[in-house]
Every structure is written in structure tokens, then in C-alpha cells.
Protein chains: 2
Amino acid sequence: MFEILLKNITRRIQLTSEETALFTSLLSVKKLKRRQFLVQEGEFNKYSAFVTSGCLRSYTVDKNGFEHVLQFAPQDWWITDMASFLHNLPGTLFIDAIFESEVVLIQRSGIEKLYQTIPQFERYFRILAENALVTYQRRLMDNLSLTARERYDHFCTRYPSLIETLPQKQVAAYIGVTPEFLSKMLNTGTGRKGQTETS
Amino acid sequence: MFEILLKNITRRIQLTSEETALFTSLLSVKKLKRRQFLVQEGEFNKYSAFVTSGCLRSYTVDKNGFEHVLQFAPQDWWITDMASFLHNLPGTLFIDAIFESEVVLIQRSGIEKLYQTIPQFERYFRILAENALVTYQRRLMDNLSLTARERYDHFCTRYPSLIETLPQKQVAAYIGVTPEFLSKMLNTGTGRKGQTETS
DNA sequence: TTTTTTTCTTAATCTGCATTATTGGACCAA
DNA sequence: TTGGTCCAATAATGCAGATTAAGAAAAAAA
């Protein structure tokens, strides 16, 4: 049932079978259709979600109605509105499924129980947070110092499988350009188009 | 000697006096003059630094020679090149002192020793990483969705004391505009200038 | 299949911010 | 005092990417 998640966890920490049982007792499963929301802006984000199939995204909508993607979460990734989840605040993000997806959910209270009974989980989530932190730092610096094309190329390098499955529009909302400009960029300039002709 | 740091830590976890003694035995102190580097790009960043006075910054220099600030670290903040520190890679950041400063240093090996002997430190650094993560997420979304003026106003709101002590140039390199444009922006438009005339 | 919705493309026009350059002031060391 | 270094202010010119507006193509839904 929870193999993918357990495999992800045991890459960082070891659990006994009792610990595994306690852990899985805190989980639930949810299926999401394309476009279905996990949470919306303003709601309290009570769950952290681990994606077992499909792909989710978190994003904001600015005052002009444009979407800006904070994170894509394909299989084997966690996604949540961290600020809301950690500090019990109204959320600022929308999280929805880009394709039909399945996620494993855990509540804040479940995680706190884990910290108390299986301290190893402090380590697991510390490592996840540190890695995510480094990723966001790099992305921020990329946004400050690179051109749109360079940011696109970095995205292709770092997420080669996403570039093939996601609508271009979503990639544009992640790297911080309009869909129109991304399209033009790919069909004009001296382009590495990242095409994968099944030659 | 290490009061500021210990006070910071005991806001999140409790330590016995033996634990405190072990912890402080892993620390060292370093004074930095204005402009003095803690580490430079390409070096292995062996230390994490906690600022006890003054102010440090981490930044990159792009291919055109422009600086982009990742973080300011005034008193009571940690600063390091996380990617290098965590994964033993050559660093990508410069870290230097903006003013004369004093920092407390701890090595990667020291932190690992802490994790083994005082598991509470897993929690302390998990909490730090989570908070930093949320901060970078918000800043990234600000960069994607706000104008330069809005980013400046946010900076003033979030770091009111920094805005008064830092050279304008450093703020520009943080919010992602040129010093020239920031200057023009503050001396033209319908400006909230955040001035603090000691009225 | 047909219909509907979503996504991609193209192109003309516009603009926020960069670039480049120059000036003057504040601070500091010799 | 002089000279050096850093920083802020101003302004003219340029460009990467936004905006607006269609229409075409592809994918979902019916």
C-alpha cells in the first residue's frame, strides 16, 4: 500500500516493523482528478502530501490573475503549503493535480506524534527540509542572475522527465515568463529545444 | 562567551549543563573586518557561522560581474553556503562581512557529533531549516509576482532595522534591481521612503 | 464522432528595468 | 591637506520580456 513512501523514507532512516506499523497507521490515501484541489488559498493546510502517482503543483495567483508555480511534485515528492502547515496559518498557495494523481496524506498532529515516539523522523524531515532549502536558494539565485533562456535550460537539465510531460504553460509559470514568450523563445532563437525524437 | 547563541538555541530546545558544555566545546570564535571573507566561491565551506555582532552577507557574482545577495545575516542569524556545507561540495557563494563583525563557528563534523550525542539538535536544525525554507519560498514567489517597488516595500517591512544600516546598493542586490534603478525609484515615484527622521 | 476546452503559435506594440556615463559627496588614510 | 575609495543621484538610450489579440492545433470530454 505505502511502498513508495516507505522506500523513500528508508533511504534516509531505518525503521523497525513496529515503527513502520505506527507510521502507516497515521497515513491516509486520496485520489485526485485533473484540476482537483488539495487546498486553496486562505484555507488551513492540515495535510502534507506525498505523491505516489501523477503530478501536483503549488502556485499563487497574483493580482492580475497570473499563476506562478512554486513547486511541481511528481511521484516520490512531498508537497504542502509549508507556512500554513507548520505554523497553523491560513494558506497562501493553491495546490492541485495537473494530471489524475494519488497521494498519501499525513496530518500535522501525526507528524508531531512521530517526533515524540520515533525521533528518527526528526532526522528524516530535517534532511528533506535542508535539501529543499538548497534547491530554493539555487532557484532564487537563478532568477536573480540568469536570462529566461538560461532558466529554461536549467529546468530541462534538472527535470528532464517533467519537461516532456508538463504543458509548456506550466513550465513558463515556473521559470517566470509568459507562455507567449516561452513559445517564441523556443521557436526562434538558436534553440536547444530539448526534443526527443524517438530516432 | 556564547550567550547569544545559547539563548537562540534554548528558544527551541532545552539543554542540560553537560550538554551545553559539550556543545560549546565544539565552537570557536572569529572576528571579521569590513569586507573580509569567511569563504569564497570554489572553496569548501567547512563552517556554519552564527553572527554575534555586525552583519554578514552571502552572494554570487554573475558572468557580468554583478553581485546578487542570497542572504543578510545580522546578529542572531546563522549563515553558511548550505549546499557546500551539507554535501561537501565546492561552494558557489561568497560570504563576507559588510561591517566589522564577530561570528561563532561550528564545523560539519561538530554538528554530526551533536546529532549523535544530543538528538535534540536534530530538532533545532530541523526547525531552522523549515523556517528558512518558508522564507525562501516566499521570497521566490515575491520575485515572480511583484514589481521592484513592491519587493522593496516588503523588504522594508520585513527587515526594518537592516534598511537603516545597509548601503542602498546591498538592498538593490537583494531585491534584484540595479543600484541606479533603486535610487531613481526612491527619488521619483509616489514614494514611501521609509525615512526615520528622529522627529 | 463531434463538441468543448485547453494549449500553442505568431505578431505588433509597449514598458519596466538595465546599461552607460557623469557628477558630487562622505569617509578614511597618509 | 590631499588623494583614494565608496556610494548616491541623475539622465539618456536600449532591450528583454510583457501585453494584447488572433487564429490554429491538440487534447478532453461528451
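All chains are named by letter (A, B, ...) in the order of the sequence lines, taking the proteins before the strands, and each is independently numbered beginning at 1. Computed from heavy atoms alone, side chains included, the values below leave out hydrogens, waters and symmetry copies.
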Any A:Arg35 side-chain N or O less than 4.0 Å from OP1/OP2 of C:dT6: yes

Where at least one partner belongs to residues 103-148 of chain A, residue pairs that pass ring pair (Phe, Tyr, Trp, His ring centres under 6.0 Å), sequence neighbours excluded: A:Phe23-A:Phe121, A:Trp78-A:Phe125

Distance test, side-chain N/O of A:Thr178 to OP1/OP2 of D:dA18, below 4.0 Å: yes

Residue A:Phe66, side-chain heavy atoms: nucleotide from D:dA9, D:dT19, C:dT7 that is nearest: D:dT19

Bend angle of the helix from C:dT1-D:dA30 to C:dA30-D:dT1, end axes from five pairs each (to 10°): 50°

Shortest non-hydrogen contact between B:Ala49 and B:Leu105, atoms and distance: CB-CD2, 3.7 Å

Atom-to-atom span, CG of A:Leu146 to P of D:dA16 - whole angstrom: 15 Å

Test: A:Arg57 cationic atom under 6.0 Å from A:Tyr59 six-membered ring centre, within 45° of axis: yes

N or O in side chain of A:Lys184 less than 4.0 angstrom from C:dT10 OP1/OP2: no

Nearest listed nucleotide, side chain of A:Thr147, among D:dT10, D:dG17, C:dT9: D:dG17

A:Tyr47 six-ring centre to A:Arg108 NZ/CZ under 6.0 Å and within 45° of normal: no

Residue-phosphate contact under 4.0 Å: A:Gln168 side-chain N/O, C:dT6 OP1/OP2: no

Within 45° cone and under 6.0 Å: B:Arg151 NZ/CZ vs B:Tyr174 ring: no

Selected nucleotide, minimal atom distance to A:Glu180 side chain, candidates C:dA18, C:dA11, D:dA9: C:dA11

Nucleotide of D:dG17, D:dT10, C:dC8 approaching A:Arg151 most closely (side-chain heavy atoms): D:dG17

Closest non-hydrogen atom pair between A:Gln75 and A:Thr52, with its separation: NE2-O, 2.7 Å

Whichever of B:Phe181 and B:Gln170 has its nearest DNA chain D nucleotide further upstream toward 5': B:Gln170

